Amino acid sequence: VNVNSLPTITSNTGNFSTCINGNVTFIGTGTPATLNAWVTLNSGIASVSNTGLVTGVSPGTTSIIYTNSIGCSVSKNIVVNALPTVITRNPAAVCFPNTIDLNLPTVTTGSTPGLNYSYFTNAAATTILVSPNAVASSGTYYIKGTDPTTGCSNISSVTTVINSLPTISITGNNTPI
C-alpha cells in the first residue's frame, strides 16, 4: 500500500485574498493534473485559470481546489474584498494666482470612510500630482482611495478651474480741464 501525502497550496503574495478584478497566483506542490488541476467552487466570487491565477469577481469567500497528477486534492479559501467607493466633487473655481486644495475633505465627501488618498495627473494613477494641496492649473486630476485594511483601491476624477484675471483697460482723452 502506497500512501501519498496531500499537496499544499501557497500563493505568490503570501496571502489568500485579493480585490475585485485583482489577481493572486496559487501554487500547488507536485505536478498538476492534466485536466482541471485548478477549480473554483464559486466562479461568481473568484475565477481560476489552469495555471492557478485567481481573479476576484465579487466580494465573498470561496474555495479553490488543486489536484495533482496522482489525483490528490487540497482546497484553500480565497477572500475577495470589495473595492472602496471614491466619490469626488469638483472644487469651486478660483482666480489666478490662487490655488485649489484637493486634500480638502469636501472633495471626497461620500467616499468610503477611512481611505488613504493619493493624487495623480493621469487616469492610470501612475504619474503623481506633486502638490495636491496647491493645484495651480485647470485640468482633470485623479484621486485614488485605498482601504488600509484590504489594500483595495478605486480611482475617481476631479476637475479644477483656475480662471485668468480679467484685463483692465483704461481709456480717456487727454483734454485739460
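By convention here, the first residue in the shown sequence is residue 1. Predicted model, so just to flag it, every value in this text is computed and none were measured.
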Participant: Any side-chain heavy atom of I45 sitting closer than 4.5 Å to one from T61?
Facilitator: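 No. Closest side-chain heavy atoms not under 4.5 Å.
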Participant: Using only atom types and a distance under 3.5 Å, with no angle test, would you say the side chain of T160 pairs donor to acceptor with the backbone of S137?
Facilitator: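 Answer holds: yes.
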Participant: Quick one, C152 and P84 - any side-chain contact, counting heavy atoms below 4.5 Å?
Facilitator: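 Contact flag for C152/P84 side chains = yes.
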Participant: How about N133 and S131: does a side-chain donor come under 3.5 Å of a side-chain acceptor?
Facilitator: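 Result is no, nothing qualifies.
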Participant: For T8, enumerate each residue passing the side chain to side chain contact (heavy atoms under 4.5 Å, CB included) test, keeping only those at least two apart in sequence or located in another chain.
Facilitator: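 Side chain to side chain contact (heavy atoms under 4.5 Å, CB included) check on T8 returns T29.
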Participant: Side chains of R89 and T109: does their closest heavy-atom pair fall under 4.5 Å?
Facilitator: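 Yes, close enough: below the 4.5 Å cut-off.
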Participant: Of the non-hydrogen atoms in I27 and N12, which two are nearest, and what is the gap between them?
Facilitator: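 Taking I27 first and N12 second, the nearest heavy atoms are CD1-N, 4.0 Å.
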Participant: When you look at CG of L104, are more than 12 heavy atoms from neighbouring residues, nucleotides or ligands closer to it than 6.0 Å?
Facilitator: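 Result for CG/L104: enclosed.
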Participant: Can you check whether G44's main-chain N or O pairs, donor with acceptor, with S58's side chain at less than 3.5 Å?
Facilitator: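 Side chain of S58 to backbone of G44, a donor-acceptor pair under 3.5 Å: yes, one is there.
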Participant: Write down the atom of A82, the atom of P59, and the distance for their closest heavy-atom approach.
Facilitator: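 Looking at all heavy atoms of both residues, the shortest contact is CB-CG, 3.7 Å.
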Participant: Do V48 and F26 come within less than 4.5 Å of each other through their side chains, counting heavy atoms only?
Facilitator: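 Of all side-chain heavy-atom pairs linking F26 with V48, none is under 4.5 Å.
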Participant: Report the distance from atom OG of S47 to atom CD1 of I64, rounding to the nearest 0.5 Å.
Facilitator: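 Result: 8.0 Å between the selected atoms.
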Participant: One pair to check against side chain to side chain donor-acceptor pair (under 3.5 Å): Y119 and N103. What are the steps and the verdict?
Facilitator: CA-CA 9 Å; Y119 304 84; N103 288 321; 3.0 Å; yes
Participant: Would you tell me whether T88 and S156 have side-chain atoms, one donor and one acceptor, within less than 3.5 Å of each other?
Facilitator: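 Their side chains do contain a donor-acceptor pair, which is all the 3.5 Å distance test asks for.
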Participant: Once rounded to the nearest 0.5 Å, what's the spacing between atom CG of N90 and atom OG of S157?
Facilitator: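 These two atoms lie 7.5 Å from each other.
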Participant: Are I100 and V86 connected in a single hydrophobic cluster, I mean Ile/Leu/Val/Met/Phe/Trp/Tyr linked by side-chain heavy atoms less than 4.5 Å apart?
Facilitator: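 Linked within one cluster.
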Participant: Could you state the interatomic distance from CD1 (I65) to CD1 (I9), rounded to the nearest 0.5 Å?
Facilitator: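 One finds 8.5 Å between CD1 of I65 and CD1 of I9.
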Participant: What's the shortest heavy-atom distance between C19 and G151, and which atoms?
Facilitator: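 Closest pair (atom of C19, atom of G151, distance): SG-C, 4.3 Å.
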Participant: Starting from V24, can I reach F16 by hopping between I/L/V/M/F/W/Y residues whose side chains sit under 4.5 Å apart?
Facilitator: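 Yes, because F16 and V24 connect within a single hydrophobic cluster, where side-chain heavy atoms sit under 4.5 Å apart.
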Participant: Could you tell me whether the side chain of T40 and the main chain of A46 form a donor-acceptor pair under 3.5 Å?
Facilitator: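 It does hold such a pair.
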Participant: Hydrophobic clusters here meaning ILVMFWY residues chained together by side-chain heavy-atom distances under 4.5 Å, can you tell me if L53 and I78 are in one?
Facilitator: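 As far as the 4.5 Å side-chain criterion goes, I78 and L53 are not connected within one cluster.
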Participant: Give, for atom CD1 of I143 and atom CG of N154, the distance between the pair rounded to the nearest 0.5 Å.
Facilitator: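 Output value for this atom pair is 12.5 Å.
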Participant: Determine yes or no for a side-chain-to-main-chain donor-acceptor pair under 3.5 angstrom, with S11 supplying the side chain and N15 the backbone.
Facilitator: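 Indeed, once roles are kept as given, a pair shorter than 3.5 Å links the two residues.
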Participant: Find out whether P91 and L102 are in side-chain contact, i.e. whether some heavy atom of one side chain is under 4.5 Å from a heavy atom of the other.
Facilitator: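 Side-chain contact under 4.5 Å: yes.
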Participant: For residues N68 and P32, determine if any side-chain heavy atom of one lies less than 4.5 Å from a side-chain heavy atom of the other.
Facilitator: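 With C-beta onward as the side chain, the pair stays apart.
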Participant: Between S111 and I87, is there a donor-acceptor pair closer than 3.5 Å when you use the side chain of the first and the backbone of the second?
Facilitator: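 Yes; judged by distance alone, with no hydrogens or angles, the pair exists.
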Participant: Rounded to the nearest 0.5 Å, what's the gap from OG1 on T121 to CG on L129? Could you check?
Facilitator: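 If I round to the nearest 0.5 Å, the distance is 7.0 Å.
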Participant: According to the ring-ring contact (aromatic ring centres under 6.0 Å, His included) rule, which pairs have a member within residues 54-101, sequence neighbours left out?
Facilitator: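 Every ring-ring contact (aromatic ring centres under 6.0 Å, His included) pair that includes a residue of residues 54-101, provided the two are not neighbours, is W38-Y66.
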Participant: Let me see the working for V135 and T99 under side-chain contact (heavy atoms from CB on, under 4.5 Å), right down to the final yes or no.
Facilitator: CA-CA 5 Å; V135 175; T99 60; 5.7 Å; no
Participant: With a 4.5 Å limit on heavy-atom distance, are the side chains of I162 and C95 in contact?
Facilitator: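 Answer no - side chains too far apart.
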Participant: From T62 OG1 over to N77 CG, what is the distance, rounded to the nearest 0.5 angstrom?
Facilitator: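 T62 atom OG1 to N77 atom CG measures 7.5 Å (nearest 0.5 Å).
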Participant: Could you walk me through whether N116 and T146 pass side chain to side chain donor-acceptor pair (under 3.5 Å), step by step?
Facilitator: CA-CA 5 Å; N116 294 328; T146 303; over 6 Å; no
Participant: Yes or no on side-chain contact (heavy atoms from CB on, under 4.5 Å) for L115 and D147, after CA distance, side-chain angles and deciding distance?
Facilitator: CA-CA 5 Å; L115 297 179; D147 184 319; 4.1 Å; yes
Participant: Could you go through the side-chain contact (heavy atoms from CB on, under 4.5 Å) check for K144 and F120 one step at a time?
Facilitator: CA-CA 8 Å; K144 179 179 180 180; F120 300 88; 3.8 Å; yes
Participant: Under the criterion side-chain contact (heavy atoms from CB on, under 4.5 Å), I'd like the reasoning laid out for V54 against N23: C-alpha separation, chi angles, the key distance, then a yes or no.
Facilitator: CA-CA 6 Å; V54 180; N23 296 305; over 6 Å; no
Participant: Between T126 and N122, is the side chain to side chain donor-acceptor pair (under 3.5 Å) condition met? List the steps.
Facilitator: CA-CA 7 Å; T126 57; N122 64 330; 2.6 Å; yes
Participant: Looking at every non-hydrogen atom in both residues, tell me the closest pair between T51 and T25 and how far apart they are.
Facilitator: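 Taking T51 first and T25 second, the nearest heavy atoms are O-CG2, 4.4 Å.
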Participant: On a heavy-atom basis, which atom in L6 and which in S73 lie closest, and how many Å separate them?
Facilitator: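 Closest approach of L6 to S73: CD2-O, 3.5 Å.
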